[in-house]
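Worth saying up front: this structure is predicted, and the values here are computed from it rather than measured. Just so it is clear, the values below take in all heavy atoms, side chains as well, and ignore hydrogens, waters and symmetry mates. Residue numbers begin at 1 in each chain, while the letters A, B, ... track the order of the sequences.
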Amino acid sequence: ICVLCTFTSLRMSSLNRHMKIHSDEKPHLCHLCLRAFRTVTLLRNHMNTHTGTRPYKCSDCDMAFVTSGELARHRRYKHTLEKPFKCTLCKYCSVEASKLKRHIRSHTGERPYHCSLCSYASKDTYKLKRHMITHSGKSLSCHNESYLFYARIAF
DNA sequence: TATCTCTAGCGCCCCCTGCTGGT
DNA sequence: ACCAGCAGGGGGCGCTAGAGATA
């Protein structure tokens, strides 16, 4: 049992590894952007984003991905059409949990993302970002910096 | 013990659609 | 009626973090 959080494991080795997340130790450094990672695997995946290396290739189309998880998700979206996350209130189902979470907000009416300049509130972050254009008149891509400024105030 | 694999999660961007107000 | 602007709903991918599985 971790004394710092709710984590529990049957293996001492898992607990030892877990304890590292409570420290800031990130010994694996990307020499291209100086970002640091806890594990070599994370660094390797990150380096692949710099080099464009995509080892996980889809057998049914030309797509390729940095991680196996991305490939698995792609295959669900495009090939197997498996949608394990099902809404209990309607027939909607999704490939991803986060999509179901976003969908459920359409039932609950929850709008966690508030505009700092008017009464508008959004159900997801990108809608708020898009909404911010109406205050500035700038294009979405030109608006990133001011959006981040507004977001810091709002959140 | 190190590495691989899987799952979870946040984010970004895009598309389509419906509503609304101006012309 | 038509069009532009805007918001709602959702699809798809990029990337990182953490933990289980395995070599």
| query | Given B:dC13, is OP1 or OP2 found less than 4.0 Å from the side-chain N or O atoms of A:Lys129? | reply | yes
| message | Does anything in residues 90-106 of chain A come within less than 4.0 Å of DNA chain C? Heavy atoms only, and list the residues if so. | response | A:Tyr92, A:Glu96, A:Lys99, A:Arg102, A:His103, A:Ser106
| query | Where do A:Tyr56 and A:Leu71 come nearest, in terms of heavy atoms and distance? | reply | CB-CD2, 3.9 Å
| said: Among residues at least two apart in sequence or on other chains, which ones pass side chain to side chain contact (heavy atoms under 4.5 Å, CB included) with A:Ala36? | reply: A:Lys26, A:Leu29
| remark: For nucleotides 16-23 of chain B, 5' to 3', base contacts (B), sugar-phosphate-only contacts (S) and non-contacts (-) with protein non-hydrogen atoms under 4.0 Å give --------
| For residues 51-65 of chain A, which residue pairs qualify under salt bridge (Lys or Arg N to Asp or Glu O under 4.0 Å), counting only residues two or more places apart or in two chains? | A:Asp60-A:Arg75
| message | I need the minimum non-hydrogen distance between A:Leu128 and A:His114, along with the two atoms involved. | response | CD2-O, 3.8 Å
| Earliest and latest nucleotide of DNA chain C, 5' to 3', sitting under 4.0 Å from a non-hydrogen atom of chain A? | C:dC6 to C:dT22
| request: Would you sort out whether A:His103 and A:Cys90 count as a side chain to side chain contact (heavy atoms under 4.5 Å, CB included), showing the intermediate values? | output: CA-CA 10 Å; A:His103 162 80; A:Cys90 69; 3.2 Å; yes
| task | Compare every heavy atom of A:Val95 with every heavy atom of A:Glu82, then report the nearest pair and how far apart it is. | result | O-CG2, 3.5 Å
| request: Tell me whether A:Tyr92 is reachable from A:Ile104 by hopping between hydrophobic residues (I, L, V, M, F, W, Y) whose side-chain heavy atoms are closer than 4.5 Å. | output: yes
| query | Atom NE2 in A:His135, atom OG in A:Ser116: separation rounded to 0.5 Å? | reply | 7.5 Å
| message | Tell me every residue that passes ring pair (Phe, Tyr, Trp, His ring centres under 6.0 Å) with A:His79, counting only those two or more places apart in sequence or in another chain. | response | A:His74
| said: Checking A:Tyr120 now: which residues fulfil ring pair (Phe, Tyr, Trp, His ring centres under 6.0 Å) with it, not counting sequence neighbours? | reply: A:His131
| task | Only counting residues at least two apart or in another chain, list the ones meeting side chain to side chain contact (heavy atoms under 4.5 Å, CB included) with A:Leu42. | result | A:Phe37, A:Thr39
| Can you tell me if CG on A:Leu34 sees more than 12 non-hydrogen neighbours from other groups inside 6.0 Å? | yes
| Pairs satisfying salt bridge (Lys or Arg N to Asp or Glu O under 4.0 Å), at least one member in residues 64-73 of chain A, at least two apart | A:Arg73-A:Glu96
| remark: In B/S/- notation (B base, S sugar-phosphate only, - none; protein heavy atoms under 4.0 Å), nucleotides 2-7 of chain B written 5' to 3' is -BBBSB
| request: Applying side chain to side chain contact (heavy atoms under 4.5 Å, CB included), run through A:Lys86 and A:Leu100 and close with a yes or a no. | output: CA-CA 7 Å; A:Lys86 304 180 192 311; A:Leu100 176 59; 6.0 Å; no
| Bend angle of the helix from B:dT1-C:dA23 to B:dT23-C:dA1 from five-pair axes at both ends, rounded to 10°? | 10°
| query | Restricting to pairs with a member in residues 108-126 of chain A, which pass salt bridge (Lys or Arg N to Asp or Glu O under 4.0 Å), not counting sequence neighbours? | reply | A:Arg105-A:Glu110, A:Asp124-A:Lys127
